[in-house]
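A note on names: the letters A, B, ... follow the listed sequences, proteins ahead of strands, and every chain is numbered from 1.
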Amino acid sequence: MPELPEVEVVARGLREKILGKFIKNVDVKHPKVVGGESHVAGFVKSLNGASITKVERHGKLLFLKLSTKHTLVVHLKLTGQLIFIDKDGKGYKGGHTQKVYDTAPPHKHTHIIISFSDGSHLYFNDLRRFGWMKVVATNDLPKVAPDPTLSDFDKSDFIKRVQKHPKISVYKALLDQTVVSGMGNIYVNELLWRCKIYPLILVSKLPRKNIDAIANAIKPLLLEAIKYGGSSANTFVKIDGSKGTFTDHLDVYHREGKPCHRKDGGTVARVKVGGRSTFFCPMCQKKAD
DNA sequence: GCGGGTGTTCACGC
DNA sequence: CGCGTGAACACCCG
């Protein structure tokens with residue numbers, strides 16, 4: 001699910017729904033999600049009685065700041081979901097398909113239930129259980145690479161960070177979370193299509209104008225995706241269970257064999273790189289100019 | 001029954 | 001140390 005835009009959509013949903021709420025109870029149904037059996041008691045204890053004072057996001061990480069000196073950190077990985085349901089149980093907008101993962105929580109893939117004092121609930125679902133939650137001291141949050149959508153993002157610093165990896169492809173460099181935070185397979189593919197860059201070109205061979213183009217296109221792409229509520233290409237849903245619609249605006253991702261959206265473009269191709277699928281237009285994104 | 005999948009980390013070999 | 005590959009995590013879907 002979750003690349004930067006999707007996580008931001010979740011963050012915005014949470015800001016609307018849970019700010020100021022007090023945590024009354026925490027039910028950990030699957031200890032792995034909080035780091036194993038030995039972490040359950042501490043996890044629950046550090047949340048109980050606290051209120052949510054702020055919701056932040058950096059890259060794909062969510063930070064729910066608490067009224068204590070701690071922060072609940074969440075990573076949704078591939079299939080994690082946060083679903084908020086009001087006291088009256090209404091407002092859930094998923095459940096339109098017949099699929100297992102599209103029903104109102106709690107269900108078999110609900111691993112953590114956070115109950116608020118007003119009777120509402122926040123559910124952490126994760127089909128594949130790769131996602132995690134943990135509570136850390138707020139002044140000890142993990143250090144992460146720059147996030148293109150935040151105000152302190154610096155294009156020249158971003159370019160330097162990419163260029164630190166001259167021997168890997170631009171595709172891989174952009175997926176590297178130590179280079180830039182938040183990009184995943186969908187948005188790297190989309191970004192390179194927008195910039196007309198062949199995904200497998202090595203960073204060392206990438207013309208300066210192409211790196212500049214990436215630096216300039218990255219933020220508008222992500223903001224556009226956020227505007228449409230993210231891409232529900234797989235299991236992503238907003239906190240009310242509804243889907244994002246940027247999926248309808250994707251140019252190459254999951255469009256193998258379909259015509260390129262540029263009028264002089266070719267047919268979208270798919271190539272395996274390090275075990276994952278890279279989508280691109282062989283006409284627009286040629287190996288060399 | 002098999003392969004594929006949005007993310008990250010680790011072991012291994014070069 | 002850098003880089004690629006494959007595996008691991010776990011489950012549903014086509």
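One P atom belongs to B/dT8, the other to C/dC1, and the distance between them is 22 Å to the nearest Å. B/dC10 and C/dA10 have their P atoms separated by 16 Å, given to the nearest Å.
Checking the phosphate oxygens (OP1, OP2) of C/dC3, no side-chain nitrogen or oxygen of A/Lys164 falls inside 4.0 Å. Side-chain nitrogen and oxygen atoms of A/Thr79 include none within less than 4.0 Å of the OP1 or OP2 phosphate oxygen of B/dG5. Taking only side-chain nitrogens and oxygens, A/His109 comes nearer than 4.0 Å to OP1 or OP2 of C/dC12.
Clustering of Ile, Leu, Val, Met, Phe, Trp and Tyr by side-chain heavy atoms under 4.5 Å joins A/Val144 with A/Leu61, A/Phe63, A/Val73, A/Trp132, A/Val136, A/Leu141. Side-chain heavy-atom separations under 4.5 angstrom define the hydrophobic clusters, and A/Phe22 shares its cluster with no other residue. Using a 4.5 Å cut-off between side-chain heavy atoms of Ile, Leu, Val, Met, Phe, Trp and Tyr, A/Met283 forms no hydrophobic cluster with any other residue.
Residues of residues 166-174 of chain A that place a heavy atom closer than 4.0 Å to DNA chain C, in numerical order, are A/Lys167, A/Ile168, A/Lys172.
Every pair tested for side chain to side chain donor-acceptor pair (under 3.5 Å) that includes a residue from residues 34-43 of chain A fails, sequence neighbours excluded, so the list is empty. Residues in residues 144-170 of chain A take part in these ring-ring contact (aromatic ring centres under 6.0 Å, His included) pairs, two or more places apart or across chains: A/Phe153-A/Phe158.
Residue A/Asp176 contributes atom CG, which lies 14 Å from atom C1' of C/dG4 at whole-angstrom precision. Put simply, NZ on A/Lys108 is 14 Å from P on C/dA10, counting in whole angstrom units. If you measure from atom CG of A/Leu200 to atom P of C/dC3, you get 16 Å, rounded to the nearest angstrom. Atom-to-atom, CG of A/Asp102 to C1' of C/dC11 comes out at 16 Å; the value is rounded to the nearest Å. Between the CG atom of A/Leu202 and the C1' atom of C/dG2 there is a distance of 13 Å, rounded to whole Å. The interatomic distance linking A/His111 (NE2) with C/dC9 (C1') rounds to 12 Å, in whole Å. Separating the CG atom of A/Leu78 from the P atom of C/dA10 is a distance of 14 Å, rounded to the nearest angstrom. Rounded to whole Å, atom P of C/dC11 lies 9 Å from atom CZ of A/Phe130.
Applying the side-chain hydrogen bond (donor to acceptor under 3.5 Å, both in side chains) test to A/His58 and every residue at least two apart in sequence or in another chain returns nothing. Checked against salt bridge (Lys or Arg N to Asp or Glu O under 4.0 Å), A/Asp251 has no partners two or more places apart in sequence or in another chain. For A/Ile201, the side-chain contact (heavy atoms from CB on, under 4.5 Å) criterion is met by A/Val170, A/Ile197, A/Tyr198, A/Lys205, A/Leu206, A/Pro207, not counting sequence neighbours. The salt bridge (Lys or Arg N to Asp or Glu O under 4.0 Å) search around A/Asp27 returns A/Lys29, not counting sequence neighbours.
Side-chain proximity of A/Ser277 to the nucleotides B/dG5, C/dA10, B/dG7 is greatest for B/dG5. Taking only side-chain atoms of A/Lys32, from C-beta outward, the nucleotide of C/dC11, C/dA10, B/dG7 with the closest atom is C/dA10. Distance from the side chain of A/Lys272 is smallest to B/dG4 among B/dG4, C/dC11, B/dG7.
Side-chain atoms of A/Arg128 and base atoms of C/dA10 include a donor and an acceptor less than 3.5 Å apart.
Geometric assessment of A/Arg262 against the ring of A/Trp193 yields a positive cation-pi assignment under the 6.0 Å and 45° thresholds.
Formation of a donor-acceptor pair under 3.5 Å by the A/Asp154 side chain with backbone atoms of A/Asp157 is found in this model.
Taking a pair as Watson-Crick or G-U with both hydrogen-bonding distances under 3.5 Å, the stems of three or more pairs touching DNA chain C are B:2-5 with C:11-14, B:7-14 with C:2-9.
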For nucleotides 8-11 of chain B, give me every protein contact, N/O to N/O, under 3.5 Å, one pair per line with atom names.
{"residue": "B/dT8", "atom": "OP1", "partner": "A/His75", "partner atom": "NE2", "Å": "3.1"}
{"residue": "B/dT8", "atom": "OP2", "partner": "A/Lys60", "partner atom": "NZ", "Å": "2.8"}
{"residue": "B/dT8", "atom": "OP2", "partner": "A/Gln177", "partner atom": "NE2", "Å": "3.4"}

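For the side chain to side chain donor-acceptor pair (under 3.5 Å) with A/Thr149, the lone residue among A/Glu8, A/Lys219, A/Arg57 that qualifies is A/Arg57.
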